[in-house]
Participant: 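The structure's right below; bear with me while I get my questions together.
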Amino acid sequence: MPIIAPSMLSANFLNLEKDIEMVNNSEADWFHLDVMDGRFVPNITFGMPIIAAMKKKAKKPFDVHLMILEPERYFEDFAKAGADILSVHYEVSPHLHRNLQVIKSLGMKAGVAINPATPVQFLEDVIGDIDLVCMMSVNPGFGGQKFIKQTIHKIRTLKQMITDSGASTLIEIDGGVTTDNAPGLIMEGADVLVAGNTVFSSTDQADTIKRLKYLQK
Ligand code: DX5
Ligand code: ZN
């Protein structure tokens, strides 16, 4: 059964508490929180104060996806705000190994996110140090985009790399996940499905989460 992480980017920001309760009471496993800086990606979302406020109501782990330049400047702040898993983008981390060590030393799980055009092979030498690979299946920046099909083969390659190295890294798919494509992604080796638009635009959000988890269309 996959881990389901609803992306709060598509939640109702006028009533976050209601959507947090929905996730709390659903079969979702994590909260996926997308932090954007208007520099690495075109969009700007939210940061530490909002995450800290959400933490007071949320009863499931916070999977924080940083789409920001120089993420290392804020590791400690995100730990304090309540991040349980903290992912940095490969594309902004010239010192990826160091970043992973620092994230873990602050008591969080360490994740690496990669853009659709970034080969998974670039992670080979640090795969044993990565708790989660967030594989982007859209170009980061916005919710509700269409899944980029060329990213599917990367799941299989990454899975093989993880198996060969004996690591216990989880593979997360982020962007354009639907109840239609979810079963195929799991078959290829995905462990975690992020879903924003699919969950929050549906009329019965908890039921959509359930269908993603049990892979029913
Ligand atoms: C995109 C974000 C995603 C996004 C997914 O930059 O990283 O987490 O919220 O949204 P959907 O599921 O709507 O594609
Ligand atoms: Zn994300």
Side-chain angles (χ1 to χ4, degrees), residues 2-13 16 19-20 22-23 26 28-47 50-51 54 60-69 71 74 78 83-93 103 108-118 130-152 154-155 170-186 190-203 205 208-209 211-213 215:
I3 290 171
I4 306 297
S7 166
M8 301 308 281
L9 186 58
S10 295
N12 177 5
F13 288 156
L16 269 179
D19 286 350
I20 291 168
M22 184 281 292
V23 175
S26 76
D29 302 274
W30 300 345
F31 287 83
H32 185 83
L33 304 179
D34 290 300
V35 177
M36 305 187 191
D37 66 352
R39 301 260 290 127
F40 174 58
V41 291
N43 200 5
I44 300 178
T45 55
F46 49 80
I50 302 285
I51 293 177
M54 292 173 76
K60 294 175 180 178
F62 276 7
D63 168 32
V64 178
H65 176 191
L66 297 182
M67 283 158 274
I68 64 175
L69 298 181
Y74 304 100
F78 281 106
D84 297 286
I85 306 156
L86 194 64
S87 296
V88 293
H89 264 266
Y90 174 84
E91 298 82 6
V92 300
S93 299
I103 291 170
M108 299 175 284
K109 299 265 186 211
V112 179
I114 56 168
N115 281 344
T118 302
I130 305 175
D131 295 308
L132 175 85
V133 174
C134 174
M135 262 197 46
M136 296 304 302
S137 38
V138 298
N139 288 298
F142 301 94
Q145 301 182 81
K146 198 166 170 282
F147 186 89
I148 299 172
K149 285 212 175 80
Q150 300 97 291
T151 56
I152 290 186
K154 291 166 74 177
I155 306 175
L170 296 175
I171 302 177
E172 173 176 72
I173 309 301
D174 188 7
V177 172
T178 65
T179 51
D180 281 331
N181 62 21
L185 301 173
I186 297 305
D191 305 293
V192 185
L193 300 177
V194 173
N197 187 54
T198 292
V199 167
F200 288 100
S201 71
S202 67
T203 41
Q205 299 168 346
T208 302
I209 290 169
R211 284 188 291 126
L212 284 168
K213 192 154 180 93
L215 305 174

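Along the sequence shown, the residues carry numbers beginning at 1. Numbering of ligands and ligand atoms starts at 1, following listing order. No hydrogens, no waters, no symmetry mates; every other heavy atom, side chains included, goes into these values.
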Participant: Heavy-atom distances under 4.0 Å decide this one: backbone, side chain, both or neither, for N197 against ligand 1?
Facilitator: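 The answer is both.
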Participant: Counting N and O atoms only, with roles assigned by atom type, does the side chain of S137 sit under 3.5 Å from a partner on the main chain of T151, one being a donor and the other an acceptor?
Facilitator: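 Looks like no, no N/O pair under 3.5 Å.
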Participant: Return yes or no for this condition: an N or O of G144 is under 3.5 Å from an N or O of ligand 1.
Facilitator: yes
Participant: L9 heavy atoms, cut-off 4.0 Å: which ligand 1 atoms fall inside?
Facilitator: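 Here the atoms of ligand 1 in question are 9 (O).
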Participant: Any sub-3.5 Å donor-acceptor pair from D174's side-chain atoms to V194's backbone N or O?
Facilitator: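 Pair absent, no side-chain N/O of D174 close to backbone of V194.
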Participant: Write out the residue and atom name of the closest protein heavy atom to atom 5 (C) of ligand 1, then the distance separating them to 0.1 Å.
Facilitator: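 The closest one turns out to be D174 OD1, 3.5 Å.
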Participant: Hey, which atoms in ligand 1 end up nearer than 4.0 Å to a heavy atom of H65?
Facilitator: 7 (O)
Participant: Of all the atoms in ligand 1, which lie at a distance below 4.0 Å from a heavy atom belonging to G175?
Facilitator: 14 (O)
Participant: What is the closest protein heavy atom to atom 2 (C) of ligand 1, and at what distance does it sit?
Facilitator: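 Ranked first by proximity to atom 2 (C) of ligand 1 is D34 OD1, 3.4 Å.
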Participant: Under 4.5 Å between any side-chain heavy atoms of I51 and F78, yes or no?
Facilitator: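 They are in side-chain contact.
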Participant: Report the relative orientation of the aromatic rings in F31 and F62; use parallel for angles under 30°, tilted for 30 to 60°, perpendicular for over 60°.
Facilitator: perpendicular
Participant: Counting N and O atoms only, with roles assigned by atom type, does the side chain of D34 sit under 3.5 Å from a partner on the main chain of S7, one being a donor and the other an acceptor?
Facilitator: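 Not at all, since once roles are kept as given, no pair shorter than 3.5 Å links the two residues.
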Participant: For D84 and P61, work out which heavy atoms get closest and say how close.
Facilitator: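 Heavy atoms of D84 and P61 come nearest at OD2-CA, 3.4 Å.
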Participant: Please write down residue, atom name and distance for the protein heavy atom closest to atom 1 (C) of ligand 1.
Facilitator: F142 O, 3.5 Å
Participant: So do I68 and F40 actually touch side chain to side chain, heavy atoms under 4.5 Å?
Facilitator: no
Participant: What are the atoms of ligand 1, with element, lying closer than 4.0 Å to any heavy atom of V194?
Facilitator: 8 (O)
Participant: Which part of S7 is near ligand 1, with near meaning a heavy atom under 4.0 Å away: side chain, backbone, both or neither?
Facilitator: side chain
Participant: Run the numbers for me: atoms of ligand 1, each under 4.0 Å from some heavy atom of H32, listed by number.
Facilitator: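 Ligand 1 atoms under the 4.0 Å threshold to H32: 8 (O).
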Participant: Numbering the atoms of ligand 1 from 1, which are under 4.0 Å from a heavy atom of A195?
Facilitator: 12 (O)
Participant: Could you name all protein N, O or S atoms found under 2.8 Å from the Zn ion (ligand 2)?
Facilitator: H32 NE2, D34 OD1, H65 ND1, D174 OD2
Participant: Numbering the atoms of ligand 1 from 1, which are under 4.0 Å from a heavy atom of P140?
Facilitator: 6 (O)
Participant: Measure the shortest side-chain to side-chain distance between F200 and M8 over non-hydrogen atoms and say whether it is less than 4.5 angstrom.
Facilitator: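 Heavy-atom side-chain distance check passes, below 4.5 Å.
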Participant: Of the protein's non-hydrogen atoms, which lies at the shortest distance from atom 10 (O) of ligand 1, and what is that distance?
Facilitator: G143 CA, 3.6 Å
Participant: Spell out, as yes or no, whether a donor-acceptor pair under 3.5 Å connects the side chain of K60 to the backbone of A5.
Facilitator: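 A pair under 3.5 Å: no.
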Participant: Side chain or backbone, does N139 bring an N or O within less than 3.5 Å of an N or O on ligand 1?
Facilitator: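 No, there is no polar N/O contact under 3.5 Å.
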Participant: Kindly indicate whether the side chain of I173, heavy atoms from C-beta on, has any atom under 4.5 Å from the side chain of N181.
Facilitator: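 Side-chain contact under 4.5 Å: no.
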Participant: I'd like to know whether ligand 1 has T198 as a neighbour, heavy-atom separation below 4.0 Å.
Facilitator: no
Participant: Considering the heavy atoms of M36, write down every atom of ligand 1 situated less than 4.0 Å from one of them.
Facilitator: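 It comes down to these atoms of ligand 1: 6 (O).
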Participant: Starting from atom 12 (O) of ligand 1, what is the nearest protein heavy atom, named by residue and atom, and what distance separates them?
Facilitator: G196 N, 2.8 Å
Participant: Working to the nearest 0.5 angstrom, can you tell me the gap between D191 CG and I3 CD1?
Facilitator: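 The CD1 atom of I3 is 6.5 Å from CG of D191, to the nearest 0.5 Å.
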Participant: Is any side-chain heavy atom of D37 less than 4.5 Å from a side-chain heavy atom of M67?
Facilitator: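 Not in contact.
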Participant: Any side-chain to backbone donor/acceptor pair from N43 onto G141? Under 3.5 Å, distance only.
Facilitator: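 Yes: the side chain of N43 pairs with the backbone of G141.
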Participant: Measuring from non-hydrogen atoms of F147 to any atom of ligand 1, is the shortest distance under 4.0 Å?
Facilitator: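 No; F147 lies far enough from ligand 1 that no heavy-atom distance drops under 4.0 Å.
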Participant: L132 versus K109: any side-chain heavy-atom pair under 4.5 Å?
Facilitator: no
Participant: For the backbone of M22 and the side chain of Q205, can you confirm whether one donor and one acceptor N or O come within less than 3.5 Å of each other?
Facilitator: no
Participant: Tell me: protein heavy atom nearest atom 14 (O) of ligand 1, and distance?
Facilitator: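 Here the nearest protein heavy atom works out to G176 N, 2.8 Å.
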Participant: Give me the residue, atom name and distance of the protein heavy atom closest to atom 6 (O) of ligand 1.
Facilitator: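 Ranked first by proximity to atom 6 (O) of ligand 1 is G141 N, 2.8 Å.
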Participant: Report yes if the side chains of V192 and D29 come closer than 4.5 Å at any heavy-atom pair, otherwise no.
Facilitator: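 Result no, sub-4.5 Å side-chain heavy-atom pair not found.
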Participant: Mind checking whether I186 and L193 have side chains closer than 4.5 Å, heavy atoms only?
Facilitator: yes
Participant: So is there a nitrogen or oxygen of M67 less than 3.5 Å from a nitrogen or oxygen in ligand 1?
Facilitator: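 Min N/O separation from ligand 1 is not below 3.5 Å for M67.
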